[in-house]
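Only heavy atoms go into these numbers, but all of them, side chains included; no hydrogens, no water, no symmetry mates. For this chain, numbers begin at 1 and follow the sequence in order.
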Amino acid sequence: MANSFSLSSLADKADELATPALNDGAHYDELYRLHHARVLRLCRLTLTDPHEAEDVAQEVFLKLFRATRLDDSIVGGAWLTPVAVNACHDRRRSGWWKRWRDRHVDFIEGDIYATTRTPEDEAAGNETRTLVWRSFRQLPARQQEVFVLRHLEEWPTNEVAGVLGLTPGTVKRHLYRAVHRVRTALRDQQ
């Protein structure tokens with residue numbers, strides 16, 4: 001009796017593994033090419049460790065791969081950003097993360113590349129950029145998330161509020177405090 005049960009379980013597993021995907025993966029490949037750098041940048045800005053950011057970005061794209069196998073109509077950016085933010089939240093909430101949080105790697109702005117350089121980037125000196133990123137890293141995690149989504153990802157306040165589960169007023173308050181702290185730190189350093 002035990003052999004027939006295990007044989008049927010093996011047969012079910014074999015059928016499950018042999019089931020073809022709903023699509024050939026071309027849609028996933030296109031989404032990966034279009035959004036990988038942006039998702040990695042978002043994770044890198046949200047987490048302090050570049051290796052953790054890479055791990056979380058890979059988890060996000062694994063979720064995307066599984067989702068596109070089931071539904072080929074998934075649109076990348078609108079789906080990926082909330083998934084990436086939530087994955088970063090989960091990573092920070094996990095028990096082992098708290099032990100490693102204080103051993104973060106200093107943020108080096110040169111590790112994250114924008115698709116185009118703005119005039120502000122050209123005008124800002126290396127010293128000023130270093131001060132900005134150092135003061136950014138001293139912000140509380142929620143203020144960092146709001147700052148990244150609002151200013152770097154250029155999301156509207158309502159969308160930031162929806163992704164983070166906050167009210168628009170709370171998003172504005174976190175953003176105001178973050179900008180105020182960064183400006184104060186810059187003023188104190190100069």
Side-chain angles (χ1 to χ4, degrees), residues 13-14 16-117 121 129 132-134 136-155 159-166 171 174 178:
K13 277 288 193 203
E16 184 180 304
L17 294 174
T19 304
L22 294 176
N23 63 40
D24 63 355
H27 182 65
Y28 170 79
D29 292 340
E30 178 183 345
L31 290 174
Y32 184 86
R33 276 191 305 277
L34 288 172
H35 298 286
H36 180 263
R38 186 182 60 78
V39 169
L40 182 60
R41 182 180 71 229
L42 176 64
C43 292
R44 178 63 177 97
L45 289 168
T46 305
L47 302 171
T48 56
D49 186 350
H51 302 293
E52 289 300 320
E54 289 174 20
D55 287 348
V56 170
Q58 289 303 316
E59 290 173 14
V60 169
F61 280 98
L62 179 62
K63 290 177 184 178
L64 175 67
F65 178 74
R66 290 178 179 152
T68 56
R69 288 182 62 151
L70 299 175
D71 182 6
D72 197 27
S73 66
I74 290 178
V75 178
W79 189 89
L80 283 170
T81 302
V83 172
V85 169
N86 288 333
C88 290
H89 281 170
D90 293 344
R91 185 58 61 105
R92 278 201 314 262
R93 272 188 240 131
S94 67
W96 64 268
W97 173 260
K98 292 174 185 171
R99 288 178 280 167
W100 293 99
R101 179 176 41 206
D102 296 329
R103 294 183 54 195
H104 72 277
V105 176
D106 284 336
F107 184 77
I108 300 170
E109 195 267 333
D111 289 346
I112 299 176
Y113 301 102
T115 54
T116 60
R117 291 189 55 85
D121 289 339
R129 250 183 277 153
V132 168
W133 289 116
R134 188 176 299 138
F136 171 79
R137 277 290 162 220
Q138 293 174 354
L139 295 174
R142 182 62 78 180
Q143 289 179 10
Q144 288 181 13
E145 293 168 354
V146 169
F147 187 87
V148 166
L149 290 175
R150 184 67 183 97
H151 285 300
L152 300 179
E153 291 292 319
E154 298 178 351
W155 279 31
E159 288 185 27
V160 173
V163 167
L164 297 177
L166 304 171
V171 168
H174 282 301

Pairing residues for H174 by the ring pair (Phe, Tyr, Trp, His ring centres under 6.0 Å) criterion, not counting sequence neighbours = none

Any idea which heavy atoms bring W155 and V163 closest together, and the distance?
-> CZ3-CG2, 3.1 Å

Any residue meeting salt bridge (charged side-chain N to carboxylate O under 4.0 Å, His left out) with D55, in chain and number order, not counting sequence neighbours = none

Could I get the full list of side chain to side chain contact (heavy atoms under 4.5 Å, CB included) partners for L34, not counting sequence neighbours?
-> E30

Those residues at least two apart in sequence (or on a different chain) that pass salt bridge (charged side-chain N to carboxylate O under 4.0 Å, His left out) with E59 are R91

Heavy-atom closest pair, residues A87 and V60 | CB-CG2, 4.0 Å

When rounded to the nearest 0.5 angstrom, what is the spacing between CZ in F65 and CG in L31?
-> 12.0 Å

Listed partners of E153 passing side chain to side chain donor-acceptor pair (under 3.5 Å), at least two apart = R38, R41

Candidate pair L164 and V146, rule side chain to side chain contact (heavy atoms under 4.5 Å, CB included), full reasoning | CA-CA 8 Å; L164 297 177; V146 169; 3.6 Å; yes

Between Q144 and R137, is any pair of side-chain heavy atoms under 4.5 Å apart?
-> yes

For Q58, enumerate each residue passing the side chain to side chain contact (heavy atoms under 4.5 Å, CB included) test, keeping only those at least two apart in sequence or located in another chain.
-> Y32, H36

Rounding to 0.5 Å, atoms CG (L149) and OG1 (T46) come to a distance of 7.0 Å

For A57, the side chain to side chain contact (heavy atoms under 4.5 Å, CB included) test, sequence neighbours excluded, returns V39, L40, C43

Distance-minimising heavy-atom pair for P50 and R44 = CB-NE, 3.5 Å

Pairwise distance OG1(T81) to NE2(H35) - rounded to 0.5 angstrom | 8.0 Å

Looking at residues at least two apart in the chain, or sitting in another chain, which of them share a salt bridge (charged side-chain N to carboxylate O under 4.0 Å, His left out) with R142?
-> E145

Distance col, row D90:CG vs R92:CZ, nearest 0.5 angstrom, shows 10.0 Å

Those residues at least two apart in sequence (or on a different chain) that pass ring pair (Phe, Tyr, Trp, His ring centres under 6.0 Å) with H151 are F147

Just how far is it from atom CG of L42 to atom CG of L80, taken to the nearest 0.5 Å?
-> 10.0 Å

